[in-house]
**Q** 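Got a structure here, written out as structure tokens. Questions coming.
Residue numbering restarts at 1 for every chain, and letters A, B, ... go by the order of the sequence lines. What you see below is based on every heavy atom in this structure, not just the backbone, and it leaves out hydrogens, waters and symmetry mates.
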Protein chains: 2
Amino acid sequence: MTHDHPPESITLKDIAKATGVSRTTVSNAFNRPDQLSPELRHKILSIAQQMGYLAPNPMGRMLRTGRTGAIGLVFHDSLSYAFADPTAIAFLQGVAKICETAQASLLIVPVLEDRSVQQTVQQAAVDGFIVYCLPNQSDAFTQVLKRQLPVVVVDQPTVKGFPSVAIDDRHAAYTAATHLLKLNHQRLAIISLEFQDTVPSGRVDRQRIQTASFPITQQRWQGYMDAICEAGLDPEAVLIEECAGNSEESAFQATLRILSHTPRPTGILAMSDRLALGALRAARQLGLSIPADLSIVGFDDIPLAAQVQPRLTTVHQPLIEKGTIAAELLLKNVPAHSSRVLPTELMIRESSGVAPTRD
Amino acid sequence: MTHDHPPESITLKDIAKATGVSRTTVSNAFNRPDQLSPELRHKILSIAQQMGYLAPNPMGRMLRTGRTGAIGLVFHDSLSYAFADPTAIAFLQGVAKICETAQASLLIVPVLEDRSVQQTVQQAAVDGFIVYCLPNQSDAFTQVLKRQLPVVVVDQPTVKGFPSVAIDDRHAAYTAATHLLKLNHQRLAIISLEFQDTVPSGRVDRQRIQTASFPITQQRWQGYMDAICEAGLDPEAVLIEECAGNSEESAFQATLRILSHTPRPTGILAMSDRLALGALRAARQLGLSIPADLSIVGFDDIPLAAQVQPRLTTVHQPLIEKGTIAAELLLKNVPAHSSRVLPTELMIRESSGVAPTRD
DNA sequence: CTGTTAGCGCATTCAA
DNA sequence: TTGAATGCGCTAACAG
């Protein structure tokens, strides 16, 4: 009574034949218990089990129903990088939480920004995509759009036509800069995230900023500038260094360069906490005491921000909530006008203080 | 020239009709460029694009080919919890790295340990599963097995018949305990991970240990005991507290209880760095200085371990590599005997020192 | 409560 | 090089 076929060849039909009922009835036994008598159902299920048939083949089902039970997630960065970024992790945590309660799986789709992007995004068996912080007009984003599926966009405020979740980066950055300005800082420097998808050279010119493909970088920069201009300082006098890939190491190097200027800046605005941590390390290496000699303000409020010494003054943004809301929007398949802007809050801790008196 | 049909209804057949060729040829245009003339291919592709057809439907393809291009990942814990655990994150990072180079997607499958487990694991459209630290005989694991797909097992040394990747937990724990014993510690306590899938009560009896459903907990405990017995100490005198879900808070509470004993233990063996960090915090709250009053040894060597003050003495295990190797084993579809045991290394830092002299 | 019919969209024979 | 035929495994109508 054993079959020669490999196990995967056992199908609904086989067990229908063995049970003496129709395929429909077997299908119902698995998917619609109320559609047949408990006894029959039990009999079918037990025969199925004997035959090593455990559940309807997911691909057959997906093709038939058009639903996959999974949502896709596309990151800008290389995946291994994304999983090393506390910001992305926290976001993921939020997404995962909703997936879990909704019993949806989460398909993380790698994109290489080569030709091959097509492969993975096109082949993804998902009911919709969450797109996290992709640069505008990236190949990956184009591919996602082509899938004609529901999309929720995160941290790309300039993309229209899709529900999105974001924060007011400009305003948040404004509050960070204002904080330092109120503490009498006159010489500020900015440690920036990437403006463009191309590898940064360090130097940032106006052109690069205006045509930024990462809106959040642009917005945060703008927020800093709003505050700086409002305070009557010369925007041109503000040093700015663009760091590659939100890396602490890159920020470390950038900060060393910044702090070698004379007169030395007294306040650093970092566009992320990781960058701020890099700056912190650089300052420490130069023997500067914080905040006495140098104030540093971060962005994101990752968990580590409150654990380092000195604890980091930073802009809190609800990272996990970003994830939960994005997932909820996607699962509910809401219209574009349901976009959400989440609140931020300046967390004043010990890495910022009154500017040193001019020497 | 617009269509009334929803976009998803455009199919290979439609564009075949529009182009005046057969379905096969269209399929070839997408999947086998060498099977038709460049001109024809180009023509087909451009007509397809005009019609809003962008790529073959992934579900149809999957059903036909039997391949999905995705690998599944099943965690023990709730997903949102897994994404909060540095150990799991690092593992994920490794898996993601390989997925990326192999252009495979990563499907993270939530399991609730209810009935509903079935749903997600059964419906997962994947070519194989990586199973991370599931308790033996868990529902989730059973469901995975039922899928009859390639499986790679991580941190479950007792599961036979599948390729696995793990470390020698027993030996690693042995080195950790030996380290303290050599520093003259006589009164040790263990802050333990969960032995059983059921919520721990704090107290741990022999029964609970022997029948542990988490082999790594059992193995680490055994390793500690090996060293303790070897040193001639009384195993029964070693305090042990079992913490819920590798949480720092739980370890914090457990440590407070442990340190209230008289005579107070001088060395704590924590089965994870997170637990060790909780212990550290508890010790600090009690005003103990480390390592003068109390030595703490962790396990895992998560990034934070080397960043806290004092830096944590701990057992390094190659977390990221666990992920890369697991993914590689799965993608290569290797036989069970290809299992890998990765090396560990005791990292001696500042949280451990010579035992205080007896008072 | 049960069975019949009819595709879902595709890739693969095989024959032309 | 191209095309016709076939079925991957399943579920949704509808009819009994």
Side-chain angles (χ1 to χ4, degrees), chain A residues 3 5-45 48 51-69 119 122-125 127 147-149, chain B residues 5-44 48 51-69 119 122-125 127 147-149:
Chain A
H3 287 260
H5 309 291
E8 54 269 29
S9 69
I10 299 174
T11 170
L12 261 196
K13 183 155 66 177
D14 298 329
I15 104 111
K17 199 183 306 175
T19 325
V21 298
S22 77
R23 297 206 294 283
T24 309
T25 308
V26 179
S27 177
N28 283 337
F30 281 98
N31 301 317
R32 308 196 167 174
D34 52 316
Q35 295 294 300
L36 70 175
S37 69
E39 306 84 38
L40 180 57
R41 177 172 135 90
H42 193 75
K43 177 183 163 195
I44 292 175
L45 259 39
M51 296 178 62
Y53 181 91
L54 303 131
N57 174 308
M59 300 162 199
R61 165 196 294 249
M62 281 165 37
L63 178 58
R64 182 63 233 241
T65 63
R67 301 203 63 262
T68 67
Q119 290 289 332
Q122 285 179 359
Q123 293 200 16
D127 297 328
R147 286 296 301 276
Q148 316 257 35
L149 292 170
Chain B
H5 308 291
E8 57 269 26
S9 69
I10 299 175
T11 170
L12 261 196
K13 182 155 66 177
D14 299 329
I15 102 112
K17 200 183 304 173
T19 325
V21 299
S22 78
R23 298 208 291 286
T24 310
T25 307
V26 180
S27 177
N28 283 337
F30 281 97
N31 301 317
R32 308 195 169 175
D34 54 315
Q35 295 294 300
L36 69 175
S37 68
E39 306 84 38
L40 180 55
R41 178 173 134 89
H42 193 75
K43 176 182 165 199
I44 293 175
M51 296 178 65
Y53 181 91
L54 303 131
N57 174 307
M59 300 160 198
R61 164 195 295 246
M62 281 167 35
L63 178 57
R64 181 65 231 247
T65 62
R67 302 204 61 264
T68 66
Q119 291 287 333
Q122 285 179 358
Q123 294 201 14
D127 297 328
R147 285 297 299 278
Q148 315 256 38
L149 292 170

**Q** Which of residues 58-67 of chain B sit near DNA chain D, with a heavy atom under 4.0 Å from it?
**A**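 By residue number: B/L63, B/R64.
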
**Q** Which pair of heavy atoms, one from A/M62 and one from B/M62, lies closest together, and at what distance?
**A**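 Between these two residues, the closest heavy atoms are CE-CE, 3.5 Å.
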
**Q** Using a 4.0 Å heavy-atom cut-off across all strands, classify B/N31 as base, sugar-phosphate, or nothing.
**A**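 Sugar-phosphate only.
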
**Q** Considering all heavy atoms of both residues, which atom of A/D127 and which atom of A/G69 are nearest to each other, and what is their separation?
**A**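 Here A/D127 and A/G69 meet closest at OD2-N, 2.9 Å.
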
**Q** Is there a side-chain contact between A/S27 and the phosphate of D/dT11, meaning an N or O under 4.0 Å from OP1 or OP2?
**A**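 For A/S27, the contact criterion (side-chain N or O under 4.0 Å from OP1 or OP2 of D/dT11) is met.
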
**Q** I need the CG-P distance between A/N57 and D/dT11, as an integer number of Å.
**A**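 Rounding to the nearest Å, CG of A/N57 and P of D/dT11 are 9 Å apart.
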
**Q** Please tell me if the side chains of A/V21 and A/K43 come closer than 4.5 Å, counting only heavy atoms from C-beta onward.
**A**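 Answer no - side chains too far apart.
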
**Q** Identify the heavy atoms of B/F30 and B/A55 that sit nearest to each other, and give their distance.
**A**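 B/F30 and B/A55 have their closest heavy atoms at CE2-CA, 4.2 Å.
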
**Q** Sequence neighbours excluded, which residues qualify as salt bridge (charged side-chain N to carboxylate O under 4.0 Å, His left out) partners of A/R32?
**A**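 Expected list: none.
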
**Q** Which nucleotide sits closest to the side chain of B/P56: C/dC10, C/dT12, D/dT11?
**A**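 Comparing C/dC10, C/dT12, D/dT11 against the side chain of B/P56, the answer is C/dC10.
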
**Q** Between C/dC1, C/dA11, D/dT11, which one does the side chain of B/L12 approach most closely?
**A**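 Among C/dC1, C/dA11, D/dT11, the one nearest the side chain of B/L12 is C/dA11.
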
**Q** Could you give the CG-to-C1' distance, from B/N28 to C/dC14, as a whole number of Å?
**A**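 These atoms are roughly 14 Å apart.
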
**Q** Could you go through B/L54 and A/Q148, starting from their C-alpha distance and side-chain angles, then the distance that decides it, and tell me whether this counts as side-chain contact (heavy atoms from CB on, under 4.5 Å)?
**A** CA-CA 10 Å; B/L54 303 131; A/Q148 316 257 35; 4.2 Å; yes

**Q** Nearest whole angstrom, please: distance from the C1' of C/dA11 to the CD of B/Q35.
**A**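 Taking atom C1' of C/dA11 as the reference, CD of B/Q35 is at 12 Å.
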
**Q** Can you check the A/I44 CD1 to C/dT2 P distance for me, whole Å?
**A**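 My rounded result for the distance is 7 Å.
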
**Q** So, do B/R23 and B/T11 sit near enough that their side-chain heavy atoms are less than 4.5 Å apart?
**A**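 No. Closest side-chain heavy atoms not under 4.5 Å.
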
**Q** Taking atom C1' of C/dC1 as reference, at what distance in whole Å does atom CZ of A/R32 sit?
**A**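 Result: 14 Å.
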
**Q** For B/D34, report the nucleic acid contact type (base, sugar-phosphate, nothing); a contact means any heavy atom under 4.0 Å.
**A**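 Since no nucleic acid heavy atom lies under 4.0 Å of B/D34, the category is nothing.
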
**Q** Please classify the nucleic acid contact of B/Y53 as base, sugar-phosphate, or nothing, using heavy-atom distances under 4.0 Å.
**A**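 Here B/Y53 touches the backbone only, sparing every base.
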
**Q** Using atom CZ of B/F30 as one end and atom C1' of C/dG9 as the other, report the distance to the nearest whole Å.
**A**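 So the two atoms are 13 Å apart, to the nearest Å.
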
**Q** Just the rounded figure in Å: distance from P of C/dC1 to CG of A/L40.
**A**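 Taking CG of A/L40 and P of C/dC1, I get 10 Å after rounding.
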
**Q** Heavy atoms only: give me the nearest B/Q123-A/T68 pair and the separation to one decimal.
**A**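 Taking B/Q123 first and A/T68 second, the nearest heavy atoms are OE1-O, 4.3 Å.
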
**Q** For DNA chain C, what residues of residues 17-25 of chain B have any heavy atom nearer than 4.0 Å?
**A**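 B/R23, B/T24 - these, ordered by number, are the residues of the stretch whose heavy atoms sit under 4.0 Å from the strand.
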
**Q** Provide, to the nearest angstrom, the distance between the CD1 atom belonging to A/I10 and the C1' atom belonging to D/dC8.
**A**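 The distance from CD1 of A/I10 to C1' of D/dC8 comes to 16 Å, rounded to the nearest Å.
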
**Q** With sequence neighbours left out, write down each residue that passes salt bridge (charged side-chain N to carboxylate O under 4.0 Å, His left out) with B/D14, or none if nothing qualifies.
**A**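 In terms of salt bridge (charged side-chain N to carboxylate O under 4.0 Å, His left out), with neighbours along the sequence ignored, B/D14 is linked to no residue.
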
**Q** Quick one: list whatever passes side chain to side chain contact (heavy atoms under 4.5 Å, CB included) with B/L12, sequence neighbours left out.
**A**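 Once residues adjacent in sequence are excluded, the partners of B/L12 under the side chain to side chain contact (heavy atoms under 4.5 Å, CB included) criterion are B/V26, B/S27, B/Y53.
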
**Q** Kindly calculate the angle separating the two end axes of the helix from C/dC1-D/dG16 to C/dA16-D/dT1, each obtained from five base pairs, and round it to 10 degrees.
**A**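 Inter-axis angle at the termini of the helix from C/dC1-D/dG16 to C/dA16-D/dT1: 30°.
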
**Q** Could you please spell out the steps behind the side-chain contact (heavy atoms from CB on, under 4.5 Å) verdict for A/I44 and A/L36?
**A** CA-CA 11 Å; A/I44 292 175; A/L36 70 175; 4.0 Å; yes

**Q** Just wondering, do B/R147 and A/P58 contact through their side chains at under 4.5 Å, heavy atoms?
**A**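 Yes - at least one pair of side-chain heavy atoms lies under 4.5 Å apart.
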
